[in-house]
Amino acid sequence: MKSTRFNPFQVFRDQWAIMSLYERFEQVVALVLSAVIAIIIVVSLFQVISIVFTLLVLDVFNPLDHKVFQRVFGMIMTLLIAMEFKHSIVRVALRQDSIIQVKTVILIGLIALARKFVILDPEASPAKIAALAGATLALGATYWLLRERGDRAAATSEHDPSSSQ
């Protein structure tokens, strides 16, 4: 009796056999990048845990201290950004998406800008704050427009009788 369980290695081998040379290259790059980022995430996580433990136990962590909060939150946001990069690369490695995901890149940019606002020096110039706010607004508007376009395309394909089977 044939097993109906999902075997990811067999799926990978089947897909590998029909890939072009460039698609294989892209696949190898995605897998290597995913492994490197995973290692960076694990090492960074241990460093964050070590630093927070040191601050809590030895330095009497005061979350209301602006510098301490910026440091800890900046490290956590950096880890989240790295995890989102890894997630988007894994989707490519699993052949669920193409190598360039515009909406994902825009969202990662928004997360990075949010991190920058959190760790922003209190003495930052108004021009720097305005530039960061403008970049955030531009990325947010771009993401919104892309999402609206995708929603309209999905709605059109649902109502199109030639697309249904």
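In this structure, OG1 on T142 lies 5.5 Å from CD1 on I106, to the nearest 0.5 angstrom. A distance of 11.0 Å separates CD of Q47 from CD1 of I40, quoted to the nearest 0.5 Å. The line from CE of M75 to CG of L45 is 11.0 Å long, rounded to the nearest 0.5 Å. The structure places CG of L80 at 9.5 Å from CD1 of I41, a figure rounded to the nearest 0.5 Å. The OH atom of Y143 sits 9.5 Å away from atom CG of L110, with the distance rounded to the nearest 0.5 Å. Taking CZ of R115 as the reference point, atom CD1 of I111 lies at 12.0 Å (rounded to 0.5 Å).
Side-chain N or O atoms of T156 include one that pairs as donor or acceptor with a backbone N or O of R152 at under 3.5 Å. Side-chain N or O atoms of S34 include none that pairs as donor or acceptor with a backbone N or O of A30 at under 3.5 Å.
Both M19 and V28 belong to a common hydrophobic cluster when Ile, Leu, Val, Met, Phe, Trp and Tyr are linked at side-chain heavy-atom distances under 4.5 angstrom. Hydrophobic clustering (ILVMFWY, side-chain heavy atoms < 4.5 Å, transitive): I108 and L137 are in distinct clusters. Residues V29 and Y22 share a hydrophobic cluster, clusters being chains of Ile/Leu/Val/Met/Phe/Trp/Tyr side chains in contact below 4.5 Å. Side-chain heavy atoms closer than 4.5 Å link hydrophobic residues (I, L, V, M, F, W, Y) into clusters, and following such links, possibly through other members, connects I49 to I76. Under the 4.5 Å side-chain heavy-atom criterion for ILVMFWY residues, no single connected hydrophobic cluster contains both L113 and L145.
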F25/L21 under side chain to side chain contact (heavy atoms under 4.5 Å, CB included): CA gap, chis, key distance, verdict: CA-CA 6 Å; F25 171 74; L21 180 63; 5.8 Å; no
Derivation of the side chain to side chain contact (heavy atoms under 4.5 Å, CB included) call for T78 and V48: CA-CA 10 Å; T78 302; V48 167; over 6 Å; no
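Listed here is the closest heavy atom pair of A82 and I37: O-CG2, 3.6 Å. Looking at every heavy atom in both residues, R24 comes nearest to W16 through NH2-O, 2.9 Å. Closest of all the heavy-atom pairs between I81 and A112 is CD1-CA, 3.6 Å.
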